[in-house]
Number of protein chains: 2
Amino acid sequence: MQANLILLIDRSTQNRSDEMNEQNATRENLVRAGFELFHRQGYGATSVSQILKSAGCNSGSLYYFFPTKEDLLIAVLNWCLENLWPEVIEPVFERISDPIERVFGILDGYRKMLVITECQQGCPIGNLALELADNHPRVRELLAQNFSQWRQAVEGSLRMASDRFPESTDLESLSLFVLTTMEGAVMLARAYRSLDAYDSAVTQLRNYIERLLLEGSTWGK
Amino acid sequence: MQANLILLIDRSTQNRSDEMNEQNATRENLVRAGFELFHRQGYGATSVSQILKSAGCNSGSLYYFFPTKEDLLIAVLNWCLENLWPEVIEPVFERISDPIERVFGILDGYRKMLVITECQQGCPIGNLALELADNHPRVRELLAQNFSQWRQAVEGSLRMASDRFPESTDLESLSLFVLTTMEGAVMLARAYRSLDAYDSAVTQLRNYIERLLLEGSTWGK
DNA sequence: GTCTATACAACGATAGAC
DNA sequence: GTCTATCGTTGTATAGAC
């Protein structure tokens, strides 16, 4: 039951294990275990021994690959950076072709995570951002990169429909606003342990975007 | 420099110290120290010894008032619940009378905190929400109550301008959306260590609300 | 590369004098 | 109520055999 919680992991396990040599299997296991545990419990609340147990190896192996626990975290965040597109964005884009609905498809993907985890797990990056942005400079930079990549995916999609928005629309700012909404909504859904807060926010966002589109279509083609 | 970081604390210190008997001064010091440190570092990353140093007492005193560290956290969250209105909401409402601008005044208050802390400190409740919502049931409930109180302040203000919105507007959902935006925007501002992300989100929110108001005014008075 | 054993510090919490 | 001293655990990280 726990093993399948994170959709990210399952897909990429199958995709990548073939093309990997035996040598780095342990390293990969550690990164995956780190990702899942940091996501579920946070960075500070996850002990190295938990990671070792989950990855099925001993401390010597971890410290062979990573000088410190923080270096493992950095590897995890780089792993997220590599996997966002193939594992989160592209599956949605394959299923949905309308550029606006693709954005809401991404939001629906995060909703699925809330459903599966009964509102106990949100965005893996968002969690770490609030925990670590202050006192871990290298980590903060990687968190920002992860957010930027997410935002660019949304912006790219919105830009395909740029002619449907009013001319003055700032699509970069609007795509960042989508991310803002998603992160805030996930936070509230977890605090309330209810999907209502998430759905309510997405409804408001959709309302806003529909008004923009309505205005865009009124003012000539 | 550090001591005056949190506006909340300074105001209430002056207001309350008179009406307090000597006996509970230590307890109050502990709650204040806990609030500030949990806000700055998170719950898990703050050690009891740090709290003791900041509060100017020893461990015997803390455990005399609070059976565990978590009980101190609960006292802190109750303290937030008591102080939100007098220390965060009312100062804004005194300064600004327009109900819509009052909402943006609250958002501007959080912006000030980002400015003062150079984007290193966000919402004290939001931080704890992502860190603790999963595995601390009593804490999660109090976090949700804090969010609800904040949302109700916004909703009360919007409701004073309800005749300016389209009839179909769901003001409860809209006020929750304001909170969603604020929390998401604070998170991104901290990750990017820049006010731009915050300002961008508030601009989008204002744009949305202005469109609602425009539609409300068009459809008759 | 991976193992076992362990160093060493910090943690939350307790005991008992005053 | 507050103090000092300390218990027992857990944390990250290391050493050295294999």
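Chain A is the first sequence line, chain B the second, and so forth, proteins listed ahead of strands; every chain is numbered from 1. In what follows, every heavy atom counts, from backbone to side chain, and hydrogens, waters and symmetry copies are set aside.
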Whole angstroms only, please: what is the NZ-C1' distance between A/Lys69 and D/dT14?
17 Å
Spacing of A/Leu37 atom CG relative to D/dG11 atom P, expressed in whole Å
12 Å
Residue B/Tyr63, side-chain heavy atoms: nucleotide from D/dT14, C/dA13, C/dT2 that is nearest:
C/dA13
Of the listed nucleotides (D/dT2, D/dG11, C/dT2), which one gets closest to any side-chain atom of B/Phe65?
D/dT2
Using the ring of each side chain (for Trp, its six-membered ring), is B/Phe35 parallel, tilted or perpendicular to B/Trp79, with breaks at 30° and 60°?
tilted
Among residues 130-138 of chain A, which residues get a heavy atom nearer than 4.0 Å to DNA chain D?
none
Under 3.5 Å side-chain donor-acceptor pair for B/Asp71 and B/Thr68
yes
Of the candidate nucleotides D/dT2, C/dC3, C/dT2, which contains the atom at the shortest distance from the side chain of A/Asn58?
C/dC3
Determine: side-chain N/O of B/Ser47 to OP1/OP2 of C/dC11, distance under 4.0 Å, yes or no.
yes
Within this structure, what is the CD-to-C1' distance between B/Gln41 and C/dC11, rounded to whole angstrom?
14 Å
Please check if any side-chain donor atom of B/Tyr43 sits under 3.5 Å from a side-chain acceptor atom of B/Glu70, or the reverse.
no
Ignoring hydrogens and angles, state whether a donor on the side chain of A/Asn29 or A/Thr26 is under 3.5 Å from an acceptor on the partner side chain.
no
Interatomic distance where CZ belongs to B/Phe66 and C1' belongs to D/dG1 [whole Å]:
14 Å
note: A/Ile51, atom CD1; D/dT10, atom P; distance rounded to Å ~ 17 Å
Determine which pairs satisfy salt bridge (charged side-chain N to carboxylate O under 4.0 Å, His left out) with at least one residue from residues 146-158 of chain A, sequence neighbours left out, and list them in order.
A/Arg151-A/Glu155, A/Glu155-A/Arg159
Pairing donors with acceptors under 3.5 angstrom, does anything connect the side chains of B/Ser54 and B/Glu36?
no
All side chain to side chain donor-acceptor pair (under 3.5 Å) counterparts of B/Tyr63, not counting sequence neighbours
none
To the nearest Å, how far apart are B/Leu62 CG and C/dT14 C1'?
13 Å
Can you give me the N/O atom pairs linking the protein to nucleotides 15-18 of chain D at distances under 3.5 Å, or say none if there are none?
none

Name all residues meeting the side chain to side chain donor-acceptor pair (under 3.5 Å) criterion together with B/Gln50; count only those two or more places apart in sequence or in a different chain, and write none if there are none.
B/Gln41
For residues 180-192 of chain A, pull every pair meeting side chain to side chain donor-acceptor pair (under 3.5 Å), keeping only residues two or more places apart or in separate chains.
A/Asn127-A/Arg190, A/Arg190-B/Asp134, A/Tyr192-B/Ser148
Atom-pair distance (CG on B/Leu52; C1' on C/dA13), nearest Å:
11 Å
So, is A/Tyr64 near the phosphate of C/dG1, with a side-chain N or O under 4.0 Å from OP1 or OP2?
yes
Does A/Ser49 put a side-chain nitrogen or oxygen below 4.0 Å from OP1 or OP2 of D/dT10?
no
Grab the NZ-P distance between A/Lys53 and D/dG11 for me, whole Å please.
12 Å
